[in-house]
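For reference, the structure discussed in these notes is given below.
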Number of protein chains: 2
Amino acid sequence: MDTGDVFDPNCPTRVVLDRIGDKWSALVLLCLVGGPMRFTKLRERIGGVTPKVLTQTLRAMEQDGLVTREVFAEVPPRVEYALTDLGHSLHGPMAAVATWAEQNVGQILRSREMHS
Amino acid sequence: MDTGDVFDPNCPTRVVLDRIGDKWSALVLLCLVGGPMRFTKLRERIGGVTPKVLTQTLRAMEQDGLVTREVFAEVPPRVEYALTDLGHSLHGPMAAVATWAEQNVGQILRSREMHS
DNA sequence: CCGTATCCCTCAGGATACTG
DNA sequence: CAGTATCCTGAGGGATACGG
């Protein structure tokens with residue numbers, strides 16, 4: 001696989017950025033790093049996400065092999081989402097971005113204000 | 001530093017992800033890591049970007065203090081874009097994501113195919 | 001060469017309501 | 001509890017043409 005074609009729309013970085021760059025995926029990832037979590041709990045921890053969109057996000061992440069979905073045949077129903085190994089391995093790079101963000105967001109916001 | 005407000009819409013990670021998660025910013029960053037570059041050269045290296053959108057992207061990055069824009073009063077006109085120190089410092093985390101992407105995109109695409 | 005000016009259009013995401 | 005089912009809005013981004 002060629003690793004240099006960052007300008008190809010199908011390049012690895014594009015694919016990954018399209019996933020973690022959406023509005024909720026990164027948040028789901030960070031929620032699940034601590035361990036499996038069920039649907040409603042995810043909704044609570046991630047403020048402002050509607051069930052439809054949360055489902056969409058989880059389905060997409062499942063399709064990409066980042067999370068698993070396990071249904072327990074109980075009453076009331078219980079569905080647990082968990083990170084796969086692949087999902088867990090993504091946490092490292094994400095944490096790097098998060099750390100940079102925390103350290104530099106102040107400068108960005110100040111710069112944004114100045115140019116307004 | 002508080003690392004717990006990841007669920008606030010104004011949280012650092014959100015702000016940064018909204019920037020580098022858009023369609024062209026990451027590509028511009030990767031272009032400029034090698035040194036300053038002028039507008040048309042950027043257009044050429046980044047395939048498929050229209051001048052309007054490239055300008056939008058560059059203006060946004062300039063606003064956020066990631067790039068500088070220097071106009072040379074020449075004929076024909078010349079405009080060079082370069083990364084600021086802040087912009088350069090973002091390359092580390094981005095490279096971490098890119099490396100992960102290159103190593104794991106195969107698995108993602110395979111998983112995507114299986115679930116289709 | 002380096003953009004702006006328009007127009008257009010898709011689609012991610014939100015609001016709301018309902019169900020197995 | 002864990003989702004679907006609809007409907008809708010807006011912002012990001014593309015096509016094309018023109019201007020300093």
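Each chain gets a letter, A, B and so on, in the order the sequences are listed, and its residues count up from 1. When reading the values below, keep in mind they use all heavy atoms of this one structure, side chains included, and skip hydrogens, waters and symmetry mates.
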Query raised in the report: Does any pair with a residue in residues 19-28 of chain A pass salt bridge (Lys or Arg N to Asp or Glu O under 4.0 Å), and if so which ones, sequence neighbours excluded?
Result: Arg19(A)-Asp22(A), Arg19(A)-Asp64(A)

Query - Donor-acceptor under 3.5 Å (Trp100(A) side chain, Ser89(B) main chain) - result: yes

Requested in this report: Search all heavy atoms of Arg43(A) against all heavy atoms of Val49(A) and return the closest pair with its distance.
Outcome: NE-O, 4.1 Å

Report summary line: Only one of Leu66(B), Leu90(B), Val28(B), Leu29(B) passes side chain to side chain contact (heavy atoms under 4.5 Å, CB included) with Ile20(B), and that residue is Leu90(B)

Requested in this report: May I have the distance from Leu54(B) (atom CG) to dG3(C) (atom C1'), rounded to whole angstrom?
Outcome: 10 Å

For nucleotides 1-3 of chain D, tabulate all protein N/O to nucleotide N/O atom pairs closer than 3.5 Å, reporting atom names and distance.
from	atom 1	to	atom 2	distance (Å)
dC1(D)	O3'	Arg38(A)	NH2	3.3
dC1(D)	O3'	Pro77(A)	O	3.1
dA2(D)	OP1	Arg38(A)	NE	3.0
dA2(D)	OP1	Arg38(A)	NH2	3.3
dA2(D)	OP1	Val79(A)	N	3.1
dA2(D)	OP2	Thr40(A)	N	3.1
dA2(D)	OP2	Thr40(A)	OG1	2.7
dG3(D)	OP1	Arg69(A)	NE	3.4
dG3(D)	OP1	Arg69(A)	NH2	2.5
dG3(D)	OP2	Tyr81(A)	OH	2.8

Requested in this report: Report the end-to-end axis angle of the helix from dC1(C)-dG20(D) to dG20(C)-dC1(D); each axis comes from five terminal pairs, and the value is rounded to 10°.
Outcome: 60°

Report task. For residues 73-91 of chain B, pull every pair meeting salt bridge (Lys or Arg N to Asp or Glu O under 4.0 Å), keeping only residues two or more places apart or in separate chains. Result -> Glu74(B)-Arg78(B), Arg78(B)-Glu80(B)

Query - From Thr84(A), Leu32(A), Val67(A), residue fulfilling side chain to side chain contact (heavy atoms under 4.5 Å, CB included) relative to Met61(A) - result: Val67(A)

Report summary line: Atom CD of Glu70(B) and atom P of dC1(C) are separated, to the nearest Å, by 19 Å

Query raised in the report: Which pair of heavy atoms, one from Val79(B) and one from Arg69(B), lies closest together, and at what distance?
Result: CG1-CG, 3.9 Å

Requested in this report: Give a yes or no answer on whether the side chain of Ser111(A) reaches the backbone of Gly65(B) with a donor-acceptor pair at less than 3.5 Å.
Outcome: yes

Query raised in the report: Rounded to the nearest 0.5 Å, how far apart are OG1 of Thr55(B) and CD of Glu62(B)?
Result: 11.0 Å

Report summary line: From CD of Glu74(B) across to P of dG3(C) the rounded distance in Å is 13 Å

Report task. Could you walk me through whether Met37(B) and Tyr81(B) pass side-chain contact (heavy atoms from CB on, under 4.5 Å), step by step? Result -> CA-CA 5 Å; Met37(B) 196 175 291; Tyr81(B) 293 91; 5.9 Å; no

Query - Whole-Å distance separating the NZ atom of Lys52(A) from the P atom of dC18(C) - result: 17 Å

**Report entry** salt bridge (Lys or Arg N to Asp or Glu O under 4.0 Å) contacts touching residues 87-97 of chain A (sequence neighbours left out)
**Finding:** none

Any N/O pairs under 3.5 Å between the protein and nucleotides 9-12 of chain C? List them or say none.
none

Report task. Using whole Å, report how far CG of Leu27(B) lies from C1' of dG12(D). Result -> 16 Å

